[in-house]
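Let me begin by presenting the structure, written as structure tokens, before commenting on it.
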There are 2 protein chains.
Amino acid sequence: MATNPYPRTKRGAERREQILRAAEVMIGTQGFSAASIADITRHAKTALGTFYIYFSSKEDVFRELVLEMGQLTRAMVTEAVADAPNRLEAERAGLKAFLRFVAERPSLYRIVEEARFIDVEAYKAYFTNFAKAYAAQLREAEASGELRPGDAEVRAWALMGIAKTLGERYVLWDETADIDHVVDEAYSMIRDGIAP
Amino acid sequence: MATNPYPRTKRGAERREQILRAAEVMIGTQGFSAASIADITRHAKTALGTFYIYFSSKEDVFRELVLEMGQLTRAMVTEAVADAPNRLEAERAGLKAFLRFVAERPSLYRIVEEARFIDVEAYKAYFTNFAKAYAAQLREAEASGELRPGDAEVRAWALMGIAKTLGERYVLWDETADIDHVVDEAYSMIRDGIAP
């Protein structure tokens, strides 16, 4: 039976979404190897066979979660920085929004990191797509004089590295950290590092 | 039989080292789950039983590799920055040395990242120990006026995040990248971000 990645009925879309959310919980907490398809459908309160209507394998649902995480992260950051008066303030707002997102969806963070070992192409695509869009924005801001000249691509990866590592250290590992303080300190370094 | 983590004879030390190096190659290229102890001893050209003289399990040799990677990275960075005339130049030298180290030992990099899923305590210890030493140096440099005031711990993690992410993007994924250019661009951002 062919899988049906884009169900046409509302019921189909809801069921597929239910399975995705269950996969996020099970893979995000137990890891890819330990979480079985049976665990996922049990958690989704659906029959085992239903899984195969929408996904061909555990690898398939995993890849979908990584793709979804990429879309979610980009959409969330884009929205968070939409009202920023300039690129520097957008950096602060984006970093803060990312750290909040990690706090809200820790399992998706873990899924992306595990992709390095399960589906390296999805892993690379996640960061490469993000970096491409990020670098384009930095380039624009440089052109309009909001940032001083520099290699936008290297900057994008360096800034992603800061966000990723602070997210792990101060959000995933430490539920009591003062996120605003972390953002202020990191932002002060970032601002003076790229301000005109 | 009890394992013998610190062999007293030269021959014992050599054999243990041979197994560690084989484990680095096999786990570093195939991943923790796929690499078996039989693969490791075959690659080390030693009998399967010899493994158990020095290590109690695959988890045990893996933890040892992560610990070793931490010691190696710290020793390598310490040596690389020893001649730097000040903290800012030490940042540049440290970043460059780290990226060269990733190029030379890509398997150890992968092992540390996989530790997040295999031995999270070893993973946290790797980064936490590094960050502690790093923050202490940043604090000293701040006290002597080489850096402007700031939260040394947040800075240490942010700087580690830059190095880690640039290492993945420009060394592991891209063997043709101009490392000196990447270091120059990242350093320019770091320097102005923390200079007095």
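Residue numbers start from 1 in every chain, and the chains themselves are labelled A, B, ... in the order their sequence lines are given, proteins ahead of strands.
- Taking CZ of Arg116(A) as the reference point, atom CG of Leu172(B) lies at 8.0 Å (rounded to 0.5 Å).
- By the neighbour-count criterion of 12 heavy atoms within 6.0 Å, atom CD of Glu79(A) is sparsely surrounded, having that number or fewer from other residues, nucleotides or ligands.
- The shortest side-chain heavy-atom distance between Glu168(A) and Tyr123(B) falls under the 4.5 Å cut-off.
- Placement of Val120(A) and Phe130(A) in two distinct hydrophobic clusters is found when ILVMFWY residues are connected by side-chain heavy-atom separations under 4.5 Å, directly or transitively.
- Contacts between Tyr170(B) and chain A at a heavy-atom distance below 4.5 Å involve the side chain alone, from C-beta outward.
- Pairing each heavy atom of Glu185(A) with each of Asp151(B), the nearest pair is OE1-N, 2.7 Å.
- Ionic pairing of Arg169(A) and Glu153(B) is present here: one or more N-O contacts between side-chain nitrogen and carboxylate oxygen are shorter than 4.0 angstrom.
- Leu67(A) is not connected to Met69(A) by any chain of hydrophobic side-chain contacts under 4.5 Å among Ile, Leu, Val, Met, Phe, Trp and Tyr, and they are in different clusters.
- Linking ILVMFWY side-chain heavy atoms closer than 4.5 Å, directly or via other members, places Val25(A) and Phe101(A) in a single hydrophobic cluster.
- With a threshold of 4.5 angstrom between heavy atoms, Arg110(B) approaches chain A through its backbone and through its side chain.
- To the nearest 0.5 Å, atom CD1 of residue Ile162(B) and atom OG1 of residue Thr165(A) are 9.0 Å apart.
- Leu159(B) contributes atom CG, which lies 4.0 Å from atom CE of Met189(A) (distance to the nearest 0.5 angstrom).
- Proximity of Thr128(A) to Trp173(B): side-chain heavy atoms (C-beta onward) are separated by under 4.5 Å at one or more points.
- Placement of Phe117(A) and Ile118(B) in two distinct hydrophobic clusters is found when ILVMFWY residues are connected by side-chain heavy-atom separations under 4.5 Å, directly or transitively.
- Residue Asp180(B) qualifies as enclosed at atom CG: its count of foreign heavy atoms under 6.0 Å is above 12.
- Counting heavy-atom pairs closer than 4.5 Å to chain A, the top-ranked of the candidates Ala186(B), Ala158(B), Ala131(B) is Ala158(B).
- In terms of non-hydrogen atom pairs under 4.5 Å with chain A, the most contact-rich of Arg191(B), Arg148(B), Lys164(B), Arg155(B) is Arg148(B).
- A pairwise comparison of heavy atoms in Val154(A) and Leu166(B) identifies O-CD2, 4.0 Å as the closest pair.
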